[in-house]
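Single-structure report; data block below.
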Amino acid sequence: MKLNGKEVLVCSCEDTMSIDGDALAKALGGEGKLQPARHLCRVELDRFMDDAGKADKILVACTQEAPLFLDALEELGDKAPEANFVNIRELAGWSEDGQNKDTNVTAKMAALISEAALEVRDATSVTMVSTGIVLVLGKDDSAIEAARKLADRMDVTVVLQGGADVSPPNVMDIPVFMGNIKSARGHLGAFEVNVENFRPTVPSSKSKLEFTGIGEAGSSTCDLILDLRGDTPLFPAPEKRDGYFNPDPGNPALVMEALFTLSDMIGEYEKPKYIDYDAGICAHSASKITGCTNCFDVCPTIAIVPNGDKVKFDPYTCAGCGLCAVVCPTGAARYNLPAGDTVTERLRTLVGTYTKVGGETPVVLVHDDTFGRDIIALSARYGRGLPGHVLPLAINQATQIGIETITLALALGASEVAIVLPPKKREDRDTLLGEFAIVDAITDGLGYGTGRVRLLEPDDPDQLEAALYGTAPATAIAASDIGAAGRKRSVLRLSLDALHRKSPSPVDEIVLPAGAPFGRVLVDAENCTLCLACVGACPTGALKDNEGLPQLGFTEDACVQCGLCKNTCPEKVISLEPRLSFAEEARSHQVIKEEQPFLCIRCGKPFATHASLAHLTDKLKDHAMFQGPGKLDRIKMCDDCRIVQMATDGDNPLAHGTVPVPKTTEDYLRERDDLRKKAKDDMIKKGLTDGEA
C-alpha cells in the first residue's frame, strides 16, 4: 500500500511480531492493501526487489537490515527508489503487550509508520576543516608516546607542562616544547592555544629532557587538541567541544579510544546549525539595559555571547543540547534539527494517528537517538519492551523539548509526556525540571492534575520498564486536532487554548512560578509619568503607545516577562506578575494610563504630559536657576518658547556678558604705532631732540 507517496513494506520478522495486515492497513488509511511479509530480508528478498522496482519511494518497516536492503537497491541503478526505514519491531511488536495482541500495539504501529512517511526538512549546516594538525598537551612521557602513535598520519606537536620530568627520545622525530597553557578558544579545525614560558628542547639533553632560551608568550593554532595533562580542561563542558579530546591520562583504554578517533580526523566535517535565531524578537537587552539572559545562563559551552542588544550564536562551538531554545521566552532561539516544524508535525502525526484509530491513553516517550534508542532496544530484546500505549518519539537531544512541545502533545490527546534523560545529560535536569514546574502549574490549574510530564533517568532497561509499567497512565485528555506551527509562542498559545477548551474545570487565570514566559505588567499609574521608555524597550510589542495621545497600553498575551520594561523604567513603577490568563482582555489592547497633552503656556502647542511636567517641576522647584517670580514657568513652555523666553529675559541665567573682540596682528601694529607717536609728541612738547632724549 502507498502512504504519502511511499510504498509501505512491512515484515513480521519471521513471525516474531503479531501483525494484523487488514487492521494495520485500515489504521494507516493509505492506498491499496497491505500484505505483511514474513522474511523480507532473506527468503522474500525477490518480493522486496519487485515492489521496490515499481515505486519511486519506499518505506520499509525494518531498520536492522537497512544496509542489506540498500545494497540490494544498487542493482536497480537509476531506477532505484528513495528508501526510508522505520522500526516497529523494538518499538512496538517486540513487547509484552505485542505478544498479547493488545489493540494499542496495532495503533502504535500505524502511528510509527505514518510518522516515518512524513517528509523531513534537512537542517542547515556549517563546515569545519581539519588538515590533521594536532597539538598534544602533557606532562610526562605518555604525551610523547601518544604523539608518536599519531605522527604517521597527523602533523603533531607536543607541549609539555613546565616542570615535566621526561626522558629524552633517541630520535627527535616530533617537535617537543615546554610551556604553560593559559587558555584556549576555537573549535575543530580552528583552535588557538595561548602559551606562556614557551621554550624549545636542548639537543644535548642526557638523562632528562631540558629546555633552553628565554621563555616567551605566544599562541599556537591547530586543528585538534589531545589534552593529557590531567588538569582542568581548557573548555567548559569539554566532552561537547568538537576536536578537543580530554581523556583521563591514567586510563589507557580512554587514551587509546581518543587516539583511534583522532587518527582518522582529516577532511571536511558538516556540523548542523542547531539553532535558528531570530534577532527581531530577542528580549536580551534594549539601549544597553539587560532583560533576559536565559540562554547565557544555561549554555554549557559558552557558545552564546552578547552582541549589542541582541546575542550571537557560534554554530561551531554549539553542542546542540537545545537548552537555550527550551528557556527562550520569545522563541527567538529555535531548535533546528530537524528544521522548521518537523518535530511538531511528527508529534501531530504520531499522537493523532494513534488516537484516531482507537489507541487509548497514549504516553509520548521522548528519547534521543543514541542512549534512548539503545535502552529501548535492550528492553525489547531482553525484557518486557515498551507498553502498547507508549509512543516513542526519537529526537536529536532529549534536552531540546520545551513547554510548547509538551503542551502540544497533551493538547493532541497524550495523557502524559515522559522524557528519557541520558546519564551524560543529568547536569541539565534542573533546567528541565524548572520547565516541568510551569507545565504542572498549567495542567493543575486547568483540572488535569500534576505529573503529566515526567523525567525518567534510567541507567538500565529494568529501570525504564519499572517507570513505564510501575504506574498506571494518567486519565486521557480529550484530543484536539490543532495545526500548531511556527515559533514557540504561536505553538504555545494554540496548545494552551486547546487544553483550556477541553478542560474539566476551565478557569480564566492560573498563577505561574517565577520565570514563566506568561504574565502581566503592573504599573503604578499614579506615579507613571508616561515617558514611554518601557514601550521602546519592549521586544514583543506588549507595551504600546498612541501617536495621537499620551497613552500607555498593554497586551498581556504578548508579554514574555523578560523584565526589560521594569529595568528600563526611570521611575521604578513597573513590576511583573507571572500568570496565564485565558480572559478575552488578555488578548486585546488594554489602556493602562492616558492623559490629555499639556499645552505650552506661551503658544498653546501640546508638547508633554501633565504627569511628566508635574514630576519635573517637583524635582526642580528648589534649583537656583528657577528661583524668582515666573522662572519656574519656563518648564511649562515648549522647546521653542523656552528658548525665546530665556534669550529675551533680562536675567537670563545662561548669559555670559559681553563677548570680547579678539585682537589681530593689525591691532597690535596699530597700538605700537600709536605708542611711538605719543612718545614723539611728548618729546616735542618738552623741547627735546632725539639725541637729548
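Residue numbers run from 1 in the order of the sequence given.
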Applying salt bridge (Lys or Arg N to Asp or Glu O under 4.0 Å), can you list everything that pairs with [X], at least two apart in sequence or on another chain?
X: E435; value: none
X: D141; value: none
X: D341; value: R334
X: E90; value: R381

C62 vs F85 side-chain heavy atoms within contact, under 4.5 Å:
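With C-beta onward as the side chain, the pair stays apart.
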
So I419 and R454, do their side chains get closer than 4.5 Å, heavy atoms only?
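With C-beta onward as the side chain, the pair stays apart.
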
Worksheet item: Between E65 and R42, does at least one N-O distance fall below 4.0 Å, as a salt bridge requires?
Response: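 So E65 pairs with R42 through a salt bridge.
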
Q) Is it true that E239 and K424 make a salt bridge, defined as a side-chain N closer than 4.0 Å to a carboxylate O? A)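 No.
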
Taking [Y]'s backbone N and O only, do any of them form a donor-acceptor pair with [X]'s side chain (distance below 3.5 Å, no angle check)?
X: R241; Y: T301; result: yes
X: R229; Y: L137; result: no
X: K271; Y: C318; result: yes
X: K57; Y: A117; result: no
X: R346; Y: A394; result: yes
X: S287; Y: I289; result: no
X: D460; Y: Q463; result: yes
X: N294; Y: V327; result: yes
X: Y469; Y: R384; result: yes
X: H284; Y: C292; result: yes

>> With side chain to side chain donor-acceptor pair (under 3.5 Å) as the criterion, how do E270 and T127 come out once you've worked through the C-alpha distance, each side chain's angles and the decisive distance to 0.1 Å?
In response: CA-CA 5 Å; E270 294 294 322; T127 302; 2.7 Å; yes

- Message: Testing T405, N396, T399 one by one against Y335 for a side chain to side chain donor-acceptor pair (under 3.5 Å), which residue passes?
- Response: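 The option that passes is N396.
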
Qualifying salt bridge (Lys or Arg N to Asp or Glu O under 4.0 Å) pairs with a residue from residues 244-261, counting only residues at least two apart or across chains:
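Listed by first then second residue: nothing to list.
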
Testing I225, T261, L259, D227 one by one against F245 for a side-chain contact (heavy atoms from CB on, under 4.5 Å), which residue passes?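 Filter result, single survivor: T261.
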
field: Exceeds 12 heavy-atom contacts within 6.0 angstrom, atom NZ of K273
entry: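 No, because the 6.0 Å sphere around NZ of K273 holds 12 heavy atoms or fewer from other groups.
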
| said: Within a 6.0 Å radius of atom CZ on R185, are there more than 12 heavy atoms belonging to other residues, nucleotides or ligands? | reply: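 Result for CZ/R185: open.
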
Note to self: For F198 and F177, take the angle between the two ring planes, folded into 0 to 90°, and tell me which bin it lands in: parallel under 30, tilted 30 to 60, perpendicular over 60.
What the structure shows: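 Because their plane-to-plane angle is under 30°, the rings of F198 and F177 count as parallel.
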
Relative to the ring of Y244, is the ring of F235 parallel (under 30°), tilted (30 to 60°) or perpendicular (over 60°)?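 If you compare the ring of F235 with that of Y244, the planes turn out perpendicular.
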
Modelled atom types, side-chain donor and acceptor of [X] and [Y], under 3.5 Å:
X: E115; Y: T349; result: no
X: D242; Y: Y316; result: no
X: E192; Y: T221; result: no
X: T431; Y: D428; result: no

Give every donor-acceptor pair under 3.5 Å between a side-chain atom in residues 204-220 and any protein atom, sequence neighbours left out.
unit_1: S205; atom_1: OG; unit_2: V202; atom_2: O; d: 2.7
unit_1: S205; atom_1: OG; unit_2: E210; atom_2: N; d: 2.9

| request: List the steps, then state whether side-chain contact (heavy atoms from CB on, under 4.5 Å) holds for V420 with L464. | output: CA-CA 9 Å; V420 179; L464 177 65; 4.2 Å; yes

message: For L468 and L456: C-alpha separation, side-chain torsions, deciding distance, then whether side-chain contact (heavy atoms from CB on, under 4.5 Å) applies.
response: CA-CA 9 Å; L468 296 177; L456 309 183; 4.0 Å; yes

Worked check of side-chain contact (heavy atoms from CB on, under 4.5 Å) between I304 and F313: CA-CA 5 Å; I304 312 171; F313 287 80; 3.5 Å; yes

